[in-house]
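Let me begin by presenting the structure, written as structure tokens, before commenting on it.
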Amino acid sequence: MHKRVIALADLNNAFVSMERIFDPKLHGIPVVTASNNDSMIIARSYEAKALNIKMAQPYFQVKHLEKQGLVARSANFPLYANISNRFVSVLENFSNHVSQYSIDECFFILNQKEINGLESYGQLIKKTLLKHLALPAGIGISSSKTLSKCCNYAAKKYPATGGVVNIFGDEEKRKRLLKVIPVSEVWGCGKATTIKLNSIGITSALELANFNPSKARELFGINLFKTIKELNGNEVIEFEPDYSVSQSIIASRSLGEKTDDKTTLMSSIAAHISRATVKLRNQNSVSKTLSLSIQTSKHSKNDAHYFKQASFTFDYPTSDSTKLLKAASKLFNKIYQPNYRYSKTGIMLTNISSKKTVQNDMFFDQTESEKNKVLMSTIDQLNNRYGKGALKMGTESASKKWNSQSNWRSPNYTGSWDELAVVKC
DNA sequence: TCTGGGGTCCTAGGACCC
DNA sequence: TCTGGGGTCCTAGGACCC
């Protein structure tokens, strides 16, 4: 059976590398990127990893390392998204089939008969990313997504690989590679699966690859079955799922300060509705179900934990912020309890369908729908022209107290005319 | 004192129907 | 004096990913 060449490009320490493009001072020193509220570490430079800083570690635990030269940046997602698009563009020069998997990873298909060999083609791609975008990357090449993930693991872990690992069509290499990869590092094997696999004596990726697939299906479910097939070089996971239309849209934030003030909480919820519906309308979709959640910190030892979620299903799917806000307000009053120190609010839109395919029956108020459609597109246009948040719903502005901290945010170099990098020459 | 935000898919269990 | 079986739809929750 003919096999396709499935490659993966994965940016090294993506957010830190992206910050370094615009601030050369950050090279060669320990740098981390902090999540919203500057609370958690979501990217680390090699130097930061060497200081034993862990992924997802709370920042306050490593703050003392600032004395040893640690530098923090607040996450700047608009900037990262922009650079990510350029990353995809570069890869499109090398492959006609590029499928972006995450902000820093792309799968792509290569021609098996690549003239100078797949490995040197991989090196060329890596060099081009470094030259054009100043982004270091690892390249994995094999015949399945899961194997290419394994290749990438080795490309990063073993400098001798030169950052490119190609095992396409090489059975011996595949076995050697999988032998040195712990099963916990296999794409799709999380904590729970790893514990269960270890308990039946499977600790390496190779042992997993040799595990009976139907037995695995029975004990672990369909996903591990697929993983095993993929580890054996079979392309099972769909190459190009449609990422352009989300099936659920989430908007949530930790609050800058814990509070039980209803106005503040509702104001944060209104802002979530705004962001979520813009995204919904941009993909030409409507949603039938709104869920809302409020919660206190899971980690606080002194406070009682409270998490409550409620949802509402509309008679007709909608993308109208005002309708969603009204529903959110009702849900909020249903689940709100005073005297808790709330730390986070969130909403989720589900039951999403394309605007075109929605069928309305004779009771649907067409006039009102048209009126709101015009209002929504006006809001979107004004926000596009004058910047995000230029026009807001009343509730949104009622309180700013929930806004989160980001004290070390780099400028939005590529997304805002006011924040372009200044080059002196 | 201080622990993110955004997704996907699968599964189990309840409601309801015949 | 004894508790069908199969199907569908929905929801909540879990596991995983970055």
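The chains referred to below are lettered A, B, ... by the order of the sequence lines, with proteins before strands, and numbering in each begins at 1.
- Neither OP1 nor OP2 of B:dG5 sits under 4.0 Å from any side-chain N or O of A:Ser35.
- One atom, CZ of A:Arg275, and another, P of B:dG5, lie 9 Å apart when rounded to the nearest Å.
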Which pairs of donor and acceptor atoms, one on a side chain in residues 21-28 of chain A, lie under 3.5 Å apart (sequence neighbours left out)?
unit_1  : atom_1 : unit_2  : atom_2 : d
A:Asp23 : OD1    : A:Lys25 : N      : 3.4
A:Asp23 : OD1    : A:Lys25 : NZ     : 3.4
A:Asp23 : OD2    : A:Arg73 : NH2    : 2.8

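- Checking A:Asp104 against A:Ser102 by side-chain atom types alone, a donor-acceptor pair falls below 3.5 Å.
- For the pair A:Ile222 CD1 and B:dA12 P, the interatomic distance rounds to 13 Å; values are reported in whole Å.
- Residues A:Ser214 and A:Asn212 have side chains that bring a donor and an acceptor to within less than 3.5 angstrom of each other.
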Show the atom names and distances, to 0.1 Å, of all donor-acceptor pairs under 3.5 Å that link a side chain in residues 245-255 of chain A to residues at least two apart or in another chain.
none

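- Nucleic acid contact class of A:Tyr101 (heavy atoms, under 4.0 Å, all strands): sugar-phosphate only.
- Across all strands shown, A:Ser246 has heavy atoms under 4.0 Å from sugar-phosphate atoms exclusively, and none from any base.
- The distance between atom CD1 of A:Ile42 and atom P of B:dG5, rounded to the nearest whole Å, is 10 Å.
- Regarding contacts with the backbone of B:dG6, a side-chain N or O of A:Ser252 is found under 4.0 angstrom from either OP1 or OP2.
- Residue-level contact check: A:Asn223 touches the backbone only, with heavy atoms under 4.0 Å from sugar-phosphate atoms and none from bases.
- For DNA chain C, the residues of residues 144-155 of chain A within the heavy-atom distance limit of 4.0 Å (strictly under) are A:Lys149, sorted by number.
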Using Watson-Crick and G-U wobble pairs with both distances under 3.5 Å, what is the 5'-to-3' dot-bracket string of DNA chain C, with [ ] for crossing pairs and | for pairs outside the strand?
....||||||||||||||

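- Here A:Ile103 lies out of heavy-atom contact (under 4.0 Å) with every strand.
- For the OP1/OP2 pair of B:dG6 and a distance below 4.0 Å, the side-chain nitrogens and oxygens of A:Arg253 include at least one atom meeting the criterion.
- In this structure, A:Asp38 reaches neither bases nor backbone, as no heavy-atom distance under 4.0 Å exists between it and the strands shown.
- We find that CD1 of A:Ile352 is positioned 13 Å from C1' of B:dG6, with the value rounded to whole Å.
- Put simply, CZ on A:Phe225 is 19 Å from P on C:dC16, counting in whole angstrom units.
- Between A:Lys344 and B:dT3 there is no side-chain polar atom (N or O) within less than 4.0 angstrom of OP1 or OP2.
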Could you list, one pair per line, each protein nitrogen or oxygen that sits under 3.5 Å from a nitrogen or oxygen of nucleotides 13-15 of chain B, together with the distance?
none

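- Remark: A:Asn76 engages A:Ser410 in a side-chain hydrogen bond (donor to acceptor under 3.5 Å, both in side chains) (not counting sequence neighbours).
- Aromatic ring pairs are classed by plane angle as parallel below 30°, tilted from 30° to 60° and perpendicular above 60°; the pair A:Phe332 and A:Tyr336 is tilted.
- For the pair A:Lys145 and A:Phe239, the cation sits on the ring face: its NZ or CZ lies under 6.0 Å from the ring centre, inside 45° of the axis.
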Could you go step by step and tell me if A:Thr259 and A:Trp402 meet the side chain to side chain contact (heavy atoms under 4.5 Å, CB included) rule?
CA-CA 8 Å; A:Thr259 182; A:Trp402 63 275; over 6 Å; no

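- Summarising the geometry, the separation between NZ on A:Lys156 and C1' on C:dC18 is reported as 11 Å, rounded to the nearest angstrom.
- When the side-chain nitrogen and oxygen atoms of A:Gln247 are compared with OP1 and OP2 of B:dC9, one or more of them lie within a distance under 4.0 Å.
- In this structure, A:Phe108 has no ring-ring contact (aromatic ring centres under 6.0 Å, His included) partners at least two apart in sequence or on a different chain.
- Between the side chains of A:Arg4 and A:Ser144, no donor-acceptor pair is found at a separation under 3.5 Å.
- For A:Lys226, the listed nucleotide lying nearest its side chain is B:dC10; candidates were B:dC2, B:dG4, B:dC10.
- Cation-pi check for A:Lys196 over A:Phe220 is met; the charged atom lies under 6.0 angstrom from the ring centroid and within 45 degrees of its normal.
- Proximity of A:Ser248 to the phosphate of B:dG6: no side-chain N or O atom is located under 4.0 Å from OP1 or OP2.
- For A:Phe107, the ring-ring contact (aromatic ring centres under 6.0 Å, His included) partners at least two apart in sequence or on another chain are A:Tyr101, A:Trp187.
- In terms of position along DNA chain B, the nucleotide closest to A:Ser300 lies nearer the 5' end than the nucleotide closest to the other residue of the pair A:Ser300 and A:Tyr243.
- Under the rule for a ring-ring contact (aromatic ring centres under 6.0 Å, His included), the partners of A:Phe77 that lie at least two apart in sequence or sit in another chain are A:Phe15, A:Tyr80.
- Between A:Asp315 and A:Lys288, none of the side-chain N atoms (NZ, or NE/NH1/NH2) sits under 4.0 Å from a carboxylate O, so this pair counts as no salt bridge.
- At the heavy-atom level, A:Glu105 lies under 4.0 Å from the strands shown only through sugar-phosphate atoms.
- Nucleotides of DNA chain B nearest to A:Phe77 and A:Pro241 differ in position, and the one nearer the 5' end is that of A:Phe77.
- With sequence neighbours excluded, the residues that form a salt bridge (Lys or Arg N to Asp or Glu O under 4.0 Å) with A:Lys63 are A:Glu66.
- Phosphate proximity of B:dG5 to A:Asn36: present, with a side-chain N or O under 4.0 Å from OP1 or OP2.
- Taking 4.0 Å as the cut-off between side-chain N and carboxylate O, A:Glu230 and A:Arg174 do not count as a salt-bridged pair.
- Listed by residue number, the members of residues 177-202 of chain A with any heavy atom below 4.0 angstrom from DNA chain C are A:Val186, A:Trp187, A:Gly188, A:Cys189, A:Gly190, A:Lys191, A:Ala192, A:Thr193.
- Heavy atoms of A:Ala34 sit nowhere under 4.0 angstrom from any nucleic acid atom.
- Here the C1' atom of nucleotide B:dG5 and the CD1 atom of A:Ile249 are 14 Å apart, to the nearest Å.
- Between the side chains of A:Lys173 and A:Asn166, no donor-acceptor pair of N or O atoms lies under 3.5 Å.
- The interatomic distance linking A:Asn351 (CG) with C:dC9 (C1') rounds to 11 Å, in whole Å.
- Residues A:Arg20 and A:Ser17 have side chains that never bring a donor and an acceptor to within less than 3.5 angstrom of each other.
- Of the candidates B:dG6, C:dA12, B:dG4, B:dG4 carries the atom nearest the A:Met40 side chain, counting heavy atoms from C-beta on.
- Between the side chain of A:Gln309 and the main chain of A:Ile335, no donor-acceptor pair closer than 3.5 Å is present.
- Listed in residue order, the members of residues 45-74 of chain A having a heavy atom less than 4.0 Å from DNA chain B are A:Pro58, A:Phe60.
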